[in-house]
Amino acid sequence: MNSYQSVISLFFFLLCISVSLSVELTFELPDNARECFYEEIESGTDFTVEFQVVTGGHYDIDFELIAPNKEVLYREVKKQYDSFSKKADVRGVYAACFSNEFSTFSHKLVYVDWQVGTEDPLPGLGEHLTAMTQMESSSHSLHENLNKVVDYQTHHRLRESQGRKRAEDLNERVFLWAVGETIAIIVIGIGQVVILRNFFSEKKPSQMMFS
Amino acid sequence: MQFLGISVIFVIYLSCVSGLYFHIAETERKCFIEEIPDETMVIGNYKVQLYDPRTGGFMPSSPGIGMHVEVKDPDDKVVLSRVYSSEGRFTFTSHTPGEHIICLYSNSTKWFSGTQLRVHLDIHVGEQTMDYAGIAQKEKLTELQLRVRQLLAQVDQINKEQNYQRIREERFRQTSESTNQRVLWWSLTQTAILLVMGAWQMRHLKKFFEAKKLV
């Protein structure tokens, strides 16, 4: 009964570890809004916050990283893309705040990636006391390279998304502009003729005698 | 006794879901966008805490609130729409590649803002959803075999993403070509309309002035 319970507890414990380390979110920040994300970090842990504005206005946003003692560790105004890494000095809740308060009508789509600590080793791999064999170390470096590939893919996807949404916007605007301008020309053309006819249609005897 | 032990461990597991968190009002709806290829599994873990005005902090667990999770696929069709308890996990698998929108809001019946809620959220996509500990235990894999399994899953995910990238690039190209066509048609049509308008105006006015015996 004891060993069964310890196996179950180890299972859930390892499952717990595999769940929490890196979060990527894409959210919409309305105009004049401010949104903060908080994370509880132990002291001595490295963490990285990265963000990219995908759509909206001039593709820029204000960013602030606030330490648990309310000190502003990093502040950037109107940035499109940025990445900030730090080793946490104190244990506590760190806040990453995004502000779109300078914009009056464009809401922004923001991608944020917060990584805390390094990735945990696979279950079972971490318990090695001896050095890794060549097979294990090359598979480990394969894994790290693939992580980088996934990271590059994400950035490529965000950039492509930015370009594509701009192109779709442009397409729609060109269509609306063309239709609008055609209607305006027709209305103005007919309107000019009607107004001109109006000038000459007043049946005043004095005018008729004059002409 | 055994049941108590397992339930304690389960509670420990659930309490470790806290990673990133943010605040929303009780009636507010918060949405996140996940752009994913098809046949990709997404797992989200969340925990909601209610603001406690007595202590000025958040209650460690608030069993009364429920959280409504709604997931829409790129064609605006609802993939998942369920109310979960204050703490839980939701899972869905995408069948169309594109932007899936995950919306969270509490099932509060109030009409205006109400209290603040603290929502802990964790979203895992694709290869990150694999439960390596469980697989290792079930299939009795060695560490190296488990690592190879992980690499296979990662490469599979990369492959799907590249495929999706091709589809997106095609869509982008079609949009640009459509814009090109529209600009061309617009300039030709507008020139034609201006000429026709001008000709009609002159003819009409000439007939009008001739009728008025001014010309």
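So you know, we letter chains A, B, ... as the sequences are listed, proteins then strands, and number each from 1. Predicted model only: the values in this text are computed from it and were never measured.
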Quick check on [X] against chain A: is it the side chain, the backbone, both or neither that has a heavy atom closer than 4.5 Å?
X: B:Trp200; answer: side chain
X: B:Glu35; answer: both
X: B:Tyr21; answer: both
X: B:Gln165; answer: side chain
X: B:Gln162; answer: both

- Message: Using a 4.5 angstrom heavy-atom cutoff, name the option from A:Arg157, A:Glu168, A:Gln192 with the most pairs to chain B.
- Response: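 It is A:Arg157.
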
- For each of A:Ile190, A:Leu196, A:Val193, tally heavy-atom pairs with chain B at distances under 4.5 Å, and name the one with the top tally.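 Heavy-atom pair counts peak at A:Val193.
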
- What pairs with A:Phe84 under ring-ring contact (aromatic ring centres under 6.0 Å, His included), at least two apart in sequence or on another chain?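 A:Phe84 satisfies ring-ring contact (aromatic ring centres under 6.0 Å, His included) with A:Tyr74 only.
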
- What orientation do A:His155 and A:Tyr111 show, parallel under 30°, tilted 30 to 60°, or perpendicular over 60°?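 It falls in the perpendicular class, over 60°.
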
- Is it true that the NZ or CZ of B:Lys30 lies under 6.0 Å from the centre of B:Phe32's six-membered ring and within 45 degrees of the ring axis?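 Yes, a cation-pi geometry holds between B:Lys30 and B:Phe32.
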
- Item | chain B-proximal positions within residues 169-178 of chain A [heavy-atom distance under 4.5 Å] |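 Within residues 169-178 of chain A, the residues under 4.5 Å from chain B are A:Leu170, A:Asn171, A:Val174, A:Phe175, A:Trp177, A:Ala178.
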
- Task: Flag yes if more than 12 heavy atoms outside B:Glu139 fall under 6.0 Å of its CD atom; otherwise flag no.
- Result: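 Yes, CD of B:Glu139 has more than 12 neighbouring heavy atoms, counting only those of other groups under 6.0 Å.
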
[X], part contacting chain B, at a heavy-atom distance under 4.5 Å:
X: A:Ile41; result: neither
X: A:Glu35; result: side chain
X: A:Thr154; result: neither
X: A:Val54; result: neither

Using atom types as modelled, flag every donor-acceptor pair under 3.5 Å from a side chain in residues 151-161 of chain B to any protein atom, sequence neighbours excluded.
{"from": "B:Gln154", "atom 1": "OE1", "to": "A:His143", "atom 2": "ND1", "distance (Å)": "2.9"}
{"from": "B:Gln154", "atom 1": "NE2", "to": "A:Asn147", "atom 2": "OD1", "distance (Å)": "2.8"}
{"from": "B:Lys160", "atom 1": "NZ", "to": "B:Glu39", "atom 2": "O", "distance (Å)": "2.9"}

- Please, which pairs that meet ring-ring contact (aromatic ring centres under 6.0 Å, His included) have at least one residue in residues 130-181 of chain B, sequence neighbours excluded?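 Qualifying pairs: none.
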
